[in-house]
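Structure record follows, encoded as structure tokens.
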Amino acid sequence: EAGVVQSPRYKIIEKKQPVAFWCNPISGHNTLYWYRQNLGQGPELLIRYENEEAVDDSQLPKDRFSAERLKGVDSTLKIQPAELGDSAVYLCASSLRDEGKREQYFGPGTRLTVT
Amino acid sequence: ELKVEQNPLFLSMQEGKNYTIYCNYSTTSDRLYWYRQDPGKSLESLFVLLSNGAVKQEGRLMASLDTKARLSTLHITAAVHDLSATYFCAVGGDMRFGAGTRLTVKP
């Protein structure tokens, strides 16, 4: 079974430029999560989707970040415009909502560097 | 707001020794997760704990949950070098992570 796929794996952009990250969850997983992980810290949840509905986006900086999950499968996270402080690893994870333990499977992440 | 504290943040131990990592959280929760992260890699699920008194074991690692004390422990038995990694606990449905414990096992 294929795991969570993310692309690109690395991205270097100048500040004020836009950037987008893509995630393909494990087949059949209806819950999808986006996290940001700063160096030396634990992941911070940005947004959680149940199918195509965003059910928890309280930590998403809505002035510059946006996300979508069309058709309840793949998801895209966008930053526009990027700031120096956005440099981090962006992780996508998925889980089965109907499974009580909701075990999450993480993708490899996208390492973003903003210069 | 749910707060999750792990300690220690850094742990250097000798091979063959035992040690425990602690995860405290501030509000009631029905689930707790432990993850491992190797440098430059993503997170690997180790344990999912869903009830008070739950204990899970895999190899040299054993995790337990005390929901009344709001405490989970990750116990390492007879450490080996391959266990060197950062270990995170995460609490609740909104997955609030601790800062992580960076474990180094020395020969």
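Lettering follows sequence order; numbering is per chain, from 1.
Listed here is the closest heavy atom pair of A:G42 and B:F88: CA-CE2, 3.3 Å. For the pair B:S42 and A:P108, the tightest heavy-atom approach, listed with the atom from each and the gap, is CB-CA, 3.8 Å.
The residue among A:E44, A:Q104, A:R111 with the most heavy atom pairs within less than 4.5 Å of chain B is A:Q104.
Other residues, nucleotides and ligands contribute at most 12 non-hydrogen atoms within 6.0 Å of the CD1 atom of A:I12. Around NZ of B:K68, the count of heavy atoms belonging to other residues, nucleotides or ligands within 6.0 Å does not exceed 12. Residue-environment remark: CZ (B:R102) stays at or below the threshold of 12 foreign heavy atoms within 6.0 Å. Few gaps surround CG on A:L84; more than 12 heavy atoms of other groups in view lie less than 6.0 Å from it. Counting heavy atoms of neighbouring residues, nucleotides and ligands inside a 6.0 Å radius, atom CD of B:E5 does not exceed 12 of them.
The CG atom of B:L50 sits 9.5 Å away from the CD atom of A:E103 when rounded to the nearest 0.5 Å. Taking CD from B:Q37 and CD from A:Q37, the interatomic distance works out to 4.0 Å, rounded to the nearest 0.5 Å.
Residues A:Y35 and B:M95 have side chains in contact (heavy-atom distance under 4.5 Å, counting atoms from C-beta outward).
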